[in-house]
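Input: a single structure, listed below in structure tokens.
Just so we're on the same page: letters track the sequence lines, and every chain starts at 1.
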2 protein chains.
Amino acid sequence: MASVDRSLVANLPMFAGLAPAEQDELLREARSIRYPKGSAVFDQGAKADHFYLLLHGHLRVEKVTLQGQQSVVRYVSGGELFGVAQAMNLTHYPATAVAAVDSIALAWPSSSWNRLLTKYPSLASSALQTVGSRLQDTQARVLEMSNEQVEQRVAHALLRLAKQAGRKVDAGVEIDFPISRQDVAEMTGTTLHTVSRILSAWEQQGLVEGGRQRIVLRDANRLHVLAEGDEGALNRKPNP
Amino acid sequence: MASVDRSLVANLPMFAGLAPAEQDELLREARSIRYPKGSAVFDQGAKADHFYLLLHGHLRVEKVTLQGQQSVVRYVSGGELFGVAQAMNLTHYPATAVAAVDSIALAWPSSSWNRLLTKYPSLASSALQTVGSRLQDTQARVLEMSNEQVEQRVAHALLRLAKQAGRKVDAGVEIDFPISRQDVAEMTGTTLHTVSRILSAWEQQGLVEGGRQRIVLRDANRLHVLAEGDEGALNRKPNP
DNA sequence: CGTTTTCTTGATGGATATCAATTTTAGTGG
DNA sequence: CCACTAAAATTGATATCCATCAAGAAAACG
């Protein structure tokens, strides 16, 4: 197997604190794997035998309940650590990770986690930050589901997606991977029907531009207003 | 200020991996603080200058949105690490922690976090586990809010509370701190009215026993059935 | 070009928020 | 110890958001 070039990862937060020699050493323990669109990196409930760093592409992380309802937990983008079940002392993956587009990831054996952790304390920091910011996001979602109604939640979800995986196009900002109404519904706790209605209405108002598995935000500002239920937002600075 | 006795904390997961001398050293850097019922350990938005270990008592962690709606994020019980904002690279506390009963916590300066982390790798592990299991819990809540209706969510919330902070009494299991209908509503994304109606109905069926800021679970099994929407649960083993 | 997947749109019903009024309980100070 | 007050809880009536049911159109795919 071809070894991974240091330059691909050197400026990721996870590797930032390490000397080049250390980076090489860490990379030597990993192998790089290609995941074609639609394939699973790991399945919910499977033994957590690896942890990963996504080099290229986008993954959809989904979870099914005991009763069989499916939800989209989040999307993983390039540069992110994922599948770190071992770090949280889980023996099995709590969710399934599916490639939303053709993707490439580095895989380390879970068994080396503890050794690597003691050898590279910066790995602990970056894992903590990864998990920590995921916790922040998830708690934000709980607040949204508690306090907001569907239209606001969908607006929030799209804005988050655009921030995380938005690609500038002339019409606005396009979400950089195929995403269906059903996917958005599973992220926001609603149905594809309601999402479809909302997007149709927004399209008429020039807020978004739709398509099959495709969403472009045309007016992020007005979406922000909708998301916050806040009529004054347009007059304020972008990041208060 | 009196120093903290090692025996109080030696068997907590956070200290388990450390030698007695190390435990003492860690404790020497902390100070112990009393928080009377109703007082705040820290406030949402305040500079995150300490992280904590709860020695005794119960805290309610709450968060208010931009629009002013309040939610209960979780309850902290004895032995738990909390306020570890620094570990997730947050400079300010993302929520408020209020003593639900008279409580005692150990406080370390956030500034020593990174030094302690490198010195005691087991601290990293235990912080990761703390944050990780919190993430699991929060994601479970998202799934519940997406897929379940209010009655199921309330059942889940009470079962979780009983597991975390249940005290065996002759009538069943009592939640070991004062908790109002409003609090339960803020945990489950509903209103105190709906919670009140649900608890009243359950009381008539002998599932729970209520009171002012007081909830006793009389039949955890049947509550489990309600929570899972699963008529077969009564015939199965407690932990599948 | 048929088949499947995704998306759209209308009609209806139901769960639960909201509005409104009391009652119960605990705490406080005279 | 008891009246007074504030906080918490209960319960009914009404309104509404959105899930569900239903049908079909549009887009992709082999």
Item to check | Beyond-backbone contact of B:V61 with B:F82, side-chain heavy atoms, under 4.5 angstrom | outcome: no

Checklist entry - Between CD of A:Q139 and CZ of B:R134, what distance do you get to the nearest 0.5 Å? => result 8.0 Å

Checklist entry - If you measure from the Lys or Arg side-chain nitrogens to the Asp or Glu carboxylate oxygens, is any gap between A:R160 and A:E144 under 4.0 Å? => result yes

Next on the checklist: Among B:Y35, B:F51, B:Y93, which residue satisfies the ring-ring contact (aromatic ring centres under 6.0 Å, His included) criterion with B:F42?
Outcome noted: B:Y93

Checklist entry - Taking the side chain of A:S196 as its heavy atoms from C-beta onward, which of C:dT9, D:dA9, D:dC18 lies nearest to it? => result C:dT9

Next on the checklist: Using a strict heavy-atom distance below 4.0 Å, which residues from residues 142-151 of chain B are in contact with DNA chain C?
Outcome noted: B:Q149, B:V150

Checklist entry - Is it true that B:R218 and B:E209 have a side-chain N and a carboxylate O under 4.0 angstrom from each other? => result yes

Item to check | N-O pairing of A:R167 and A:E174 below 4.0 Å | outcome: yes

Checklist entry - Would you say the side chain of B:H193 and the base of C:dT18 hold a donor-acceptor pair, judged only by whether the two atoms sit under 3.5 Å apart? => result no

Checklist entry - Can you say whether the rings of B:F177 and B:Y75 are parallel (under 30°), tilted (30 to 60°) or perpendicular (over 60°)? => result parallel

Pairs under 3.5 angstrom, nitrogen or oxygen only, protein versus nucleotides 1-5 of chain C, please.
| residue | atom | partner | partner atom | Å |
| --- | --- | --- | --- | --- |
| C:dT5 | O2 | A:R212 | NH1 | 3.2 |
| C:dT5 | O2 | A:R212 | NH2 | 2.9 |

Checklist outcome for this item: Whole-Å distance, A:R197 CZ to C:dT6 C1', equals 15 Å

Checklist entry - In Å, rounded to the nearest 0.5 Å, how long is the span from CH2 of A:W108 to OH of A:Y52? => result 11.5 Å

Checklist outcome for this item: Taking D:dA19, D:dG12, C:dA11 as options, the one with an atom nearest any side-chain atom of A:T191 is D:dA19

Checklist outcome for this item: note: B:R214, atom CZ; D:dA7, atom C1'; distance rounded to Å ~ 18 Å

Checklist entry - When you measure from every atom of DNA chain C, which of residues 172-187 of chain B have a heavy atom less than 4.0 Å away? => result none

